[in-house]
Engineer: 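Okay, handing you the structure first.
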Amino acid sequence: MSQQSNSKRIAVIEGDGIGKEVVSVGVALLERLAEARGYQFELVHFDLGADRFLRDGATFPEEDQQTIRETCDAVLLGALGDPRVPSLDYARDILFGLRFGLDLYCNIRPIQCLSDRLMPLKGKSAKDCDMVVFRENTEGIYVNVGGQFKKGTPDEVAINEDINTRKGVERVIRAAFDFAKAHGRGRVHMADKSNAMKHAHELWQRCFREVAADYPGIEAKHQYVDALCFNLIRDPSQFDVVVTNNLFGDIVTDLGAALQGGLGMAASANVHPGRIGLFEPVHGSAPDIAGEDKANPLATVLTIGMMMTHLGWPDEEARLVELVRRAVDEGKCTADVGGELGTRAVGEWVVSQIA
Ligand code: ATP
């Protein structure tokens, strides 16, 4: 990894569909930030995704994995998914290769509504929605442990195991509390289903209580995940930091994306504190609008903000959040958030605003 403080190597994986379009905005933004502020970013482009898979069958070659693992400080990923490859095995290889291969155990998703215009809840305004969700990212039901038995018969059995380790549960809960402490957020909610999933989620309950005891200044609250979903819609202002498992985090954060203006506004980071991080807008490859200059690139702008914090420049993230807020307020945005511009024009406007 780079030793010089302002010199960073960033792996760029455009991926598929609108991933290519939003990453090209992200790259232009990184280049402009480097030019304006003197950062030295070396962008290393990787030819990975459906086009590559269809061309030569490669999904995520070991050589690429090693280069990323050993020489890069961060990865920018667009989106993966292509109707020409229905199995999506290549996408899983890349995404899970990065998440599991780099042990990126925290999936961090800010759910912040940046404009009253984007708030879908009656009687609520943007200020009522500002939380950060920590989703466990390397365990749970996504580990692909299980099997099928008597497939295709009336006695068919299908099993997906839900793996929860003490180490895995504790470290993501601790990361959520560390984040709350570092960012002056006073409350952490843990969401589980310990009333039904008694073994695994008793572990979550116990870890949560034990870790919370190390952070006396932060209020530790619990909600069953069904109640949390109910309350996210009823009164999102009660949430500050939320930590939960892989499956619940996946669902809760999509619900959260609806509170912040849709998938085009939702950013995410996959991190293992102290190591290389993977940064990706939450949305998928959106084949229905791919190649039409309709994709909202603001999620990618917010994602670059998270990357800048990870690389050591949190002020850049704060500035980019304000820039996105202004883009929405001034109508410098795409149709999904009420604007009339295309992806490229929004990107050009964002880049033009970097002083
Ligand atoms: P995946 O399975 O990879 O999550 P998906 O097709 O289920 O993908 P997305 O591709 O994320 O879901 O998006 C669902 C729909 O939301 C898209 O078809 C598109 O219409 C809209 N959408 C998603 N991202 C954006 C964006 N950045 N800008 C505008 N619209 C978007």
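We use all heavy atoms of the structure for the numbers below, so side chains are in, but hydrogens, waters and symmetry mates are not. Read the numbers this way: they start at 1 and go in the same order the structure lists the ligands and their atoms.
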Engineer: Tell me which protein heavy atom sits closest to atom 31 (C) of ligand 1, plus the residue, atom name and distance to 0.1 Å.
Structural biologist: Ile289 CD1, 3.9 Å
Engineer: Should you measure from each heavy atom of Gly264, which atoms of ligand 1 turn up under 4.0 Å away?
Structural biologist: 26 (C), 27 (N)
Engineer: Which of these passes ring-ring contact (aromatic ring centres under 6.0 Å, His included) with His189: Tyr224, Phe134, Phe239, Phe177?
Structural biologist: Phe239
Engineer: Quick one: does ligand 1 sit under 4.0 Å from the side chain of Ser285, the backbone, both or neither, non-hydrogen atoms only?
Structural biologist: backbone
Engineer: Could you tell me whether Thr334 approaches ligand 1 through its side chain, its backbone, both or neither, with non-hydrogen atoms closer than 4.0 Å?
Structural biologist: neither
Engineer: How far is atom 12 (O) of ligand 1 from its nearest protein heavy atom, and which residue and atom is that?
Structural biologist: Gly284 N, 4.4 Å
Engineer: Among His283, Glu21, Met265, whose heavy atom sits nearest atom 24 (N) of ligand 1?
Structural biologist: His283
Engineer: Who's the nearest protein heavy-atom neighbour of atom 13 (O) of ligand 1, and how far?
Structural biologist: Leu263 CD1, 3.7 Å
Engineer: Return the closest protein heavy atom for atom 21 (C) of ligand 1 as residue, atom name and distance.
Structural biologist: Ala286 CB, 4.7 Å
Engineer: Could you find the nearest protein heavy atom to atom 6 (O) of ligand 1 and give me its residue, atom name and distance?
Structural biologist: Pro287 CD, 4.5 Å
Engineer: Below 4.0 Å from ligand 1: does a non-hydrogen atom of Gly81 turn up there or not?
Structural biologist: no
Engineer: Closest non-hydrogen protein atom to atom 25 (C) of ligand 1, residue and atom name please, with distance?
Structural biologist: Ile18 CD1, 3.9 Å
Engineer: What part of Val282, side chain from CB on, backbone N/CA/C/O, both or neither, has a heavy atom under 4.0 Å from ligand 1?
Structural biologist: neither
Engineer: Of the backbone atoms (N, CA, C, O) and the side-chain heavy atoms from C-beta on, which set of Asn296 has a member under 4.0 Å from an atom of ligand 1: side chain, backbone, both, or neither?
Structural biologist: both
Engineer: Please check if any side-chain donor atom of Glu316 sits under 3.5 Å from a side-chain acceptor atom of Tyr39, or the reverse.
Structural biologist: yes
Engineer: Salt bridge check: are Arg174 and Glu170 linked by an N-O gap of less than 4.0 Å?
Structural biologist: yes
Engineer: Does the protein put a heavy atom under 4.0 Å from atom 15 (C) of ligand 1?
Structural biologist: no
Engineer: Any protein heavy-atom neighbour for atom 2 (O) of ligand 1 (distance below 4.0 angstrom)?
Structural biologist: no
Engineer: Just to verify, which of Asp51, Asp82, Asp47 counts as forming a salt bridge (Lys or Arg N to Asp or Glu O under 4.0 Å) with Lys20?
Structural biologist: Asp51
Engineer: Name the closest protein heavy atom to atom 18 (O) of ligand 1, giving the residue it belongs to and the distance to 0.1 Å.
Structural biologist: Asp288 OD1, 2.5 Å
